[in-house]
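Along the sequence shown, the residues carry numbers beginning at 1.
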Amino acid sequence: MKHLIIFFSFVTIMFVACRQSPKDKQTTTSNMPKDTVAKDSIKPTESGYADVNGLKMYYEVYGSGKPLVLLHGSFMNIPMNWAHIIPVLAKDRKIIVAEMQGHGRTKDIPRKFSYEAMADDVSGLLKHLKVDSADAAGYSMGGGIAFQFAIRHPEQLRRLVILSGTYAHDGWWPDVEASFATMNADMFKGSPIEKAYLSYGNDSAQFPAYIKKVLSIDAVKYDWTKEVKNIKAPIFMAIGDADGVRYEHALDLIKAKGGGKMGDIHGLPQSRLAILPGTTHIGMMIHADWWIPMVKDFLDSDLNAAPPMF
């Protein structure tokens, strides 16, 4: 587990690089913001900084249609987490991506890292963009933010997608949860995470404090089980069969949302669960071509429809 996050970052970046075609690379334009995914594929319809809760929050908007907010994982930024995913989803949806507090182009402020505060930032961004309601999809840390967004701002949420995220600290396998306390800046020395941090003009002397602050979000125990089970919006939760998230954690949620019954007898629940085979926490992003069709079907389907019959 020592090198999980470093390896995660490296694999994600390498995967993104491999997925970009030579034709995509030729579309680079000089007026795109630094490191935006748009320079390699599609252009954002809007980008900039939103003043929310003391932050100057960097965001990009792609495509048109029903809005979907993508929330990245720890230490990530827009291109590192979503470069190969935005062009696919933006074909028929309005994709809103942002960089959370202290990540990418969103500079840190004197405020502790918390899922609750970052969920409020997402709410503020939607208000800035004059988006009344949106679907939200979060990966890993972004999953925790998405859960809190659903709890704290239900009026702004239509449907919720959680990719390898948890709603309680013990939703992680015990060895994964224990590993958070062992990580430090020395483990990230020379990694893509450090290079990305420095590329945005941050002071190298502040890197250890940055790592410690990001890790602090999972250094305290949290349990939103009651609140999450009371979320009214339909939920699609996906984990890998070799993920860091316990199977039981995901199963408890889907059962609370109407699952755990034979759909041919009782009807289909509005919420859904997917456990991807041969998929790790890192692999959730590598296997995006598996879950993207599932997510699109979930977001577009009439969830009150009768189950298929012979």
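For the atom pair Ile145 CD1 and Met118 CE, the distance stands at 4.0 Å (nearest 0.5 Å). In this structure, Met57 CE and Arg105 CZ are separated by 12.5 Å, a value rounded to the nearest 0.5 Å. Distance check, rounded to the nearest 0.5 Å: CG of Asn81 to OH of Tyr139 gives 7.0 Å. Between the CG atom of Leu157 and the CG atom of Leu126 there is a distance of 9.5 Å, given to the nearest 0.5 Å. If you take CG on Asp300 and CG on Asp92, they are separated by 6.5 Å, rounding to the nearest 0.5 Å. Going from atom CG of Leu125 over to atom CG of Leu129 covers 4.5 Å, rounded to the nearest 0.5 Å.
Looking at heavy atoms from C-beta onward, Val131 lies in side-chain contact with Lys94 at the 4.5 angstrom threshold. Contact check for His169 versus Val220: no side-chain heavy atoms found under the 4.5 Å cut-off. Taking 4.5 Å as the limit, every side-chain heavy atom of Thr106 sits out of range of all side-chain heavy atoms of Lys56. When side chains are defined from C-beta on, Arg158 counts as touching Lys66, because their heavy atoms get closer than 4.5 Å. In this structure, the side chains of Arg111 and Asp121 come closer than 4.5 Å at one or more pairs of heavy atoms. Put simply, the side chain of Arg272 does not reach to within 4.5 Å of the side chain of Met294, judged on heavy atoms. Looking at Thr166 and Phe147, their side chains never come closer than 4.5 Å, going by heavy atoms from C-beta outward. Looking at Ser301 and Gln270, their side chains never come closer than 4.5 Å, going by heavy atoms from C-beta outward.
The 12-atom threshold is exceeded at NZ of Lys229, counting heavy atoms of other residues, nucleotides or ligands nearer than 6.0 Å. Other residues, nucleotides and ligands contribute over 12 non-hydrogen atoms within 6.0 Å of the NZ atom of Lys213.
Between Phe149 and Ala119 the shortest heavy-atom distance is N-CB, 3.4 Å. Heavy-atom minimum distance, Ser74 versus Met141: OG-CB, 3.4 Å. Heavy atoms only, all atoms of each residue included: Gly240 and Tyr247 are closest at O-CE2, 4.3 Å.
No hydrogens or angles considered: nothing links the side chains of Asp132 and Gln156 as a donor-acceptor pair under 3.5 Å.
Between Arg152 and Asp120 there is a salt bridge, with a side-chain nitrogen of the basic residue lying less than 4.0 Å from a carboxylate oxygen of the acidic one. No salt bridge links Arg246 with Asp252; every basic N to acidic carboxylate O contact stays at or beyond 4.0 Å.
For an aromatic pair to be called close, the ring centres must be under 6.0 Å apart, and Tyr197 with Phe188 fails this. Aromatic ring centres of His281 and Trp173 lie farther apart than the 6.0 Å criterion allows. When ring centroids are compared, Tyr167 and His249 come within the 6.0 Å threshold.
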Verify side-chain contact (heavy atoms from CB on, under 4.5 Å) between Asn202 and Phe207, making sure each step is shown before the conclusion.
-> CA-CA 8 Å; Asn202 294 302; Phe207 185 65; over 6 Å; no

Output, in order, the C-alpha distance, side-chain angles, deciding distance and verdict of side-chain contact (heavy atoms from CB on, under 4.5 Å) for Ser271 and Phe298.
-> CA-CA 9 Å; Ser271 294; Phe298 168 72; 5.7 Å; no

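Using a distance-only test at 3.5 Å, with no hydrogens or angles considered, no donor-acceptor pair links the side chain of Glu116 to the main chain of Gln148. With Asp243 contributing its side chain and Thr279 its backbone, the two residues share no donor-acceptor pair below 3.5 Å. In this structure, Asn230 contributes its side chain and Lys226 its backbone to a donor-acceptor pair below 3.5 Å. Asp241 places no side-chain N or O within donor-acceptor distance of the main-chain N or O of Ile275, the cut-off being under 3.5 Å. Between the side chain of Asn77 and the backbone N or O of His103 there is no donor-acceptor pair closer than 3.5 Å. At distances below 3.5 Å, at least one donor-acceptor pair connects side-chain atoms of His72 with backbone N or O atoms of Met100.
Note on Leu303 and Leu268: separate hydrophobic clusters, where clusters join Ile, Leu, Val, Met, Phe, Trp and Tyr whose side-chain heavy atoms are under 4.5 Å apart, directly or indirectly. Linking ILVMFWY side-chain heavy atoms closer than 4.5 Å, directly or via other members, places Ile151 and Ile254 in a single hydrophobic cluster.
Classification of the Trp224-Tyr115 ring pair by plane angle, with boundaries at 30° and 60°, yields perpendicular.
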